[in-house]
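What follows is a set of notes on a single structure, which appears directly below.
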Amino acid sequence: MSRRPVLFVTRELPSLAQRRLESLKTVEVRQHNSPLPISRQQLLEGVNAADGLICLLSEKIDKELLQATSRGLKVISTVSVGYDHVDIPALKSHGGIKLGYTPDVLTDATADTTVLLALMASRRAKEALQIVATGAGTAFSLSRGLGTQFTNKTLGIVGFGRIGCATAQRLLPFGFSRILYSASRAHEERAKPLGAQYAPFDQILAESDLICICCPLNERTKGMFDKQAFSKMKKEAILVNSARGAIVNQDDLVEALDSEQLAHAALDVTVPEPIPADHPLVKHPRCTILPHIGSATEETRNDMANLAIDNALAGIFGEPLKAEVSL
């Protein structure tokens with residue numbers, strides 16, 4: 001009897017997708033069935049005999065891993081829209097391995113989280129929650145703990161793909177009078193219904209009251225929000241990052257907050273993840289941090305995992321992937 005192909009999965013999946021995974025008959029599923037990250041050694045051992053791999057952003061897919069595959073890995077399916085954890089040149093040189101990802105399905109959830117961060121920052125929610133938690137509250141005050149609102153302000157979106165556009169759509173009803181966006185090219189069809197204007201990055205820094213980072217991480221965007229960028233921003237500006245942590249130079253961000261070069265930062269992504277509890281940004285009163293929950297809804301995470309399963313099965317059996325990265 002011929003063997004079934006092996007699908008190695010590096011993490012426990014959301015409940016509905018996990019049940020589907022466990023019911024698969026056409027492949028032998030081997031899984032690190034835990035909500036906690038797999039160790040590097042376990043990953044290398046698991047991929048050794050695999051035909052297909054389902055992984056997360058936390059797993060580094062590099063030359064070492066590719067060389068550890070003895071059975072002829074056919075597909076790597078990441079449960080993410082980003083794939084900066086994959087060494088693309090190494091994957092290309094290895095030859096024949098397809099790369100699947102999960103675009104589109106997390107747009108709404110990530111845009112919702114971006115808006116959540118913007119509102120938390122503008123209304124100083126971190127400080128307010130700490131007052132309640134510590135019992136340090138005083139009588140109602142007309143002058144303490146005042147935040148700001150978005151009426152007649154300028155919104156800047158860095159990266160105007162699906163998530164950037166969805167974020168702008170959600171924020172516009174809060175009263176913004178102008179939307180600026182930067183991207184690798186103008187997106188007139190997406191921008192026109194919102195009245196959004198394509199603008200240089202420096203203009204967005206100088207004129208925006210709220211800047212939302214929604215772009216992918218690559219060589220061009222890595223560290224683009226640094227000391228120089230912060231120096232060009234309004235002192236009243238709010239920075240929100242729901243994209244990738246490495247787009248922001250965190251040391252420079254600490255310095256910018258300390259020197260009041262910007263009003264507040266709100267982050268769903270950091271370097272590293274999780275960020276240490278004693279990190280200066282965690283302790284900073286004007287920095288709000290969430291533990292990378294951008295896509296963390298039942299609906300979205302199950303959709304992501306199911307698409308990753310679809311991609312993995314298609315790659316194993318030589319069919320077109322539903323969502324494939326063009327190498």
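- By the ring pair (Phe, Tyr, Trp, His ring centres under 6.0 Å) test, Y181 is found to be paired with F160, Y198, residues two or more places apart in sequence or in another chain being considered.
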Q: Test I61 against C55 for side-chain contact (heavy atoms from CB on, under 4.5 Å), laying out the working first.
A: CA-CA 9 Å; I61 309 300; C55 65; 4.1 Å; yes

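- Side chain of N311 to backbone of G100: no donor-acceptor contact under 3.5 angstrom is found.
- Linking Ile, Leu, Val, Met, Phe, Trp and Tyr residues whenever their side-chain heavy atoms come within less than 4.5 Å leaves V269 and L239 in two separate clusters.
- For K153 and T148, the side-chain atoms include at least one donor-acceptor pair closer than 3.5 Å.
- Side-chain heavy atoms closer than 4.5 Å link hydrophobic residues (I, L, V, M, F, W, Y) into clusters, and following such links, possibly through other members, connects I54 to F8.
- Taking 4.0 Å as the cut-off between side-chain N and carboxylate O, R190 and E188 do not count as a salt-bridged pair.
- Salt bridge status for E22 with R19: absent, with no side-chain N to carboxylate O gap under 4.0 Å.
- Panel note: side chain T113, backbone A109; a donor-acceptor pair is recorded below 3.5 Å.
- Salt bridge annotation for R170-D108: present, with a cationic side-chain nitrogen under 4.0 angstrom from a carboxylate oxygen.
- Residue pairs meeting the side chain to side chain donor-acceptor pair (under 3.5 Å) criterion with at least one member in residues 260-270, sequence neighbours excluded, are H264-T288.
- Between D278 and K283, none of the side-chain N atoms (NZ, or NE/NH1/NH2) sits under 4.0 Å from a carboxylate O, so this pair counts as no salt bridge.
- Among residues at least two apart or in separate chains, side chain to side chain donor-acceptor pair (under 3.5 Å) pairs with a member in residues 44-59 are R3-D51, T10-E59, R11-S58, R11-E59, Q41-E45, N48-S70, D51-K74.
- Residues satisfying the ring pair (Phe, Tyr, Trp, His ring centres under 6.0 Å) test with F174, not counting sequence neighbours, are none.
- The salt bridge (charged side-chain N to carboxylate O under 4.0 Å, His left out) test applied to R162 returns D104, not counting sequence neighbours.
- Under a 3.5 Å cut-off, the side chain of Q250 and the backbone N or O of V271 do form a donor-acceptor pair.
- F230 meets the ring pair (Phe, Tyr, Trp, His ring centres under 6.0 Å) test with no other residue; sequence neighbours excluded.
- With respect to the salt-bridge test (charged N to carboxylate O, under 4.0 angstrom), the residues R40 and D62 qualify.
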